[in-house]
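Worksheet for the structure shown next.
None of these values were measured; they are calculated from a predicted model. Throughout, residue positions are numbered sequentially from 1 according to the sequence presented.
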Amino acid sequence: VAYLVVFHILFVLFVWTYWKSVFTLPIQPGKKFHMSYADQERYENEERPEVQRQILAEIARKLPVYTRTGNGGIRFCDRCQLIKPDRCHHCSVCAMCVLKMDHHCPWVNNCIGFSNYKFFLLFLAYSLLYCLYIAATVFKYFIKYWTVTRHSPEPWRSPEPACGELTNGRSKFHILFLLFVAVMFFVSLMFLFGYHCWLVSRNRSTL
């Protein structure tokens, strides 16, 4: 019973964090980062790149923007028509600028950024614990998989299985497959979760 309680607690936490990672919408920068209609007209009608950089610098003077492009200009998104805050990137899949974007995750089909990065880290942590718990509870049955059959001393009796031995070939395959998948995902998630913990400790992001 204790095994089932722990299993379902981890399963519920795993599903909840996955749900939050998938359905928490990414956040766009605020309205103050969007260009006004007059500024857009002035920026688009200007053909000289150096003057365009000056226009963006004037608009961003009152904004909390510190990151610059490679040539020292203000980071500007032509598609969203906004000045990008620090660590903001345009996602081509979501077709929007995402605040503090880390990456677009295909496993959750969503952008991982300011709004759901916490849920993504919790999802990795609970997934790691979930796989570890499954591997640990299945391992003893994996040991029984290799148990040698104890033969009966009487020749007229059929061989008897050793105590706790798995006699069904299909159940042996299920145990072997479950342990292999759990260990495989555990190792993969361990490296991914460790990498994101390192990024958090350094106050960095993937992009």
Side-chain angles (χ1 to χ4, degrees), residues 7-41 43-44 52 55-57 59-70 73-134 181 184-207:
F7 173 84
H8 284 89
I9 289 176
L10 291 176
F11 179 74
V12 169
L13 292 174
F14 165 76
V15 173
W16 175 70
T17 52
Y18 180 74
W19 176 276
K20 296 293 289 185
S21 300
V22 172
F23 292 102
T24 301
L25 298 178
I27 297 179
Q28 283 186 306
K31 293 183 178 179
K32 63 181 180 180
F33 293 95
H34 290 260
M35 295 180 64
S36 63
Y37 180 77
D39 291 332
Q40 291 182 18
E41 289 289 329
Y43 178 80
E44 292 175 356
Q52 288 182 335
I55 295 174
L56 293 178
I59 300 173
R61 189 172 300 169
K62 298 181 180 180
L63 296 175
V65 177
Y66 304 99
T67 306
R68 298 292 187 268
T69 59
I74 299 296
R75 298 170 64 241
F76 177 73
C77 181
D78 294 323
R79 297 181 181 180
C80 299
Q81 292 294 310
L82 58 83
I83 295 176
K84 295 180 181 179
D86 297 342
R87 300 187 180 183
C88 176
H89 299 276
H90 185 89
C91 178
S92 58
V93 180
C94 298
M96 60 182 291
C97 283
V98 179
L99 196 62
K100 199 180 178 182
M101 179 180 175
D102 187 84
H103 66 285
H104 185 90
C105 183
W107 298 104
V108 300
N109 193 28
N110 196 6
C111 267
I112 305 301
F114 179 79
S115 61
N116 59 354
Y117 189 69
K118 177 184 73 173
F119 300 119
F120 178 73
L121 278 182
L122 289 174
F123 167 66
L124 293 180
Y126 290 132
S127 302
L128 192 68
L129 292 176
Y130 189 57
C131 293
L132 178 62
Y133 184 78
I134 291 176
V181 172
M184 181 182 65
F185 276 98
F186 172 78
V187 174
S188 302
L189 289 169
M190 181 177 61
F191 285 105
L192 183 60
F193 181 66
Y195 173 66
H196 278 278
C197 288
W198 179 80
L199 290 176
V200 172
S201 65
R202 298 299 179 91
N203 194 21
R204 297 173 63 179
S205 59
T206 303
L207 295 178

Polar contact flag, side-chain donor to acceptor under 3.5 angstrom, Ser205-Asp102: no
Between Asp86 and Thr67: side-chain donor-acceptor atoms closer than 3.5 Å: yes
Restricting to non-hydrogen atoms, name the atom on [X] and the atom on [Y] that form the minimum distance, rounded to 0.1 Å.
X: Thr24; Y: Asn110; answer: O-ND2, 2.8 Å
X: His90; Y: Lys84; answer: N-NZ, 4.2 Å
X: Ser21; Y: Asn116; answer: O-ND2, 3.3 Å
X: Cys97; Y: Cys77; answer: SG-SG, 3.4 Å
X: Leu189; Y: Leu124; answer: CD2-CD2, 3.9 Å
X: Thr17; Y: Leu122; answer: CG2-CB, 3.7 Å

Rounded distance [0.5 Å steps], [atom1] in [X] versus [atom2] in [Y]:
X: Ile83; Y: Leu63; atom1: CD1; atom2: CG; value: 5.5 Å
X: Tyr126; Y: Leu13; atom1: OH; atom2: CG; value: 4.5 Å
X: Met96; Y: Gln28; atom1: CE; atom2: CD; value: 3.5 Å
X: Phe186; Y: Leu132; atom1: CZ; atom2: CG; value: 5.0 Å
X: Cys88; Y: Met101; atom1: SG; atom2: CE; value: 9.5 Å
X: Cys94; Y: Asn109; atom1: SG; atom2: CG; value: 8.0 Å

Check against ring pair (Phe, Tyr, Trp, His ring centres under 6.0 Å), His196 and His103: CA-CA 12 Å; His196 278 278; His103 66 285; 5.8 Å; yes
Heavy-atom side-chain contact between Met190 and Cys131 under 4.5 Å: no
Heavy-atom side-chain proximity of Arg75 to His89 below 4.5 angstrom: yes
Parallel, tilted or perpendicular: ring planes of Phe14 versus Phe11, cut at 30 and 60 degrees: tilted
Aromatic plane relationship, Phe7 with Tyr133 - under 30° parallel, 30 to 60° tilted, over 60° perpendicular: tilted
Side-chain (Ser201) to main-chain (Trp198) donor-acceptor, under 3.5 angstrom: yes
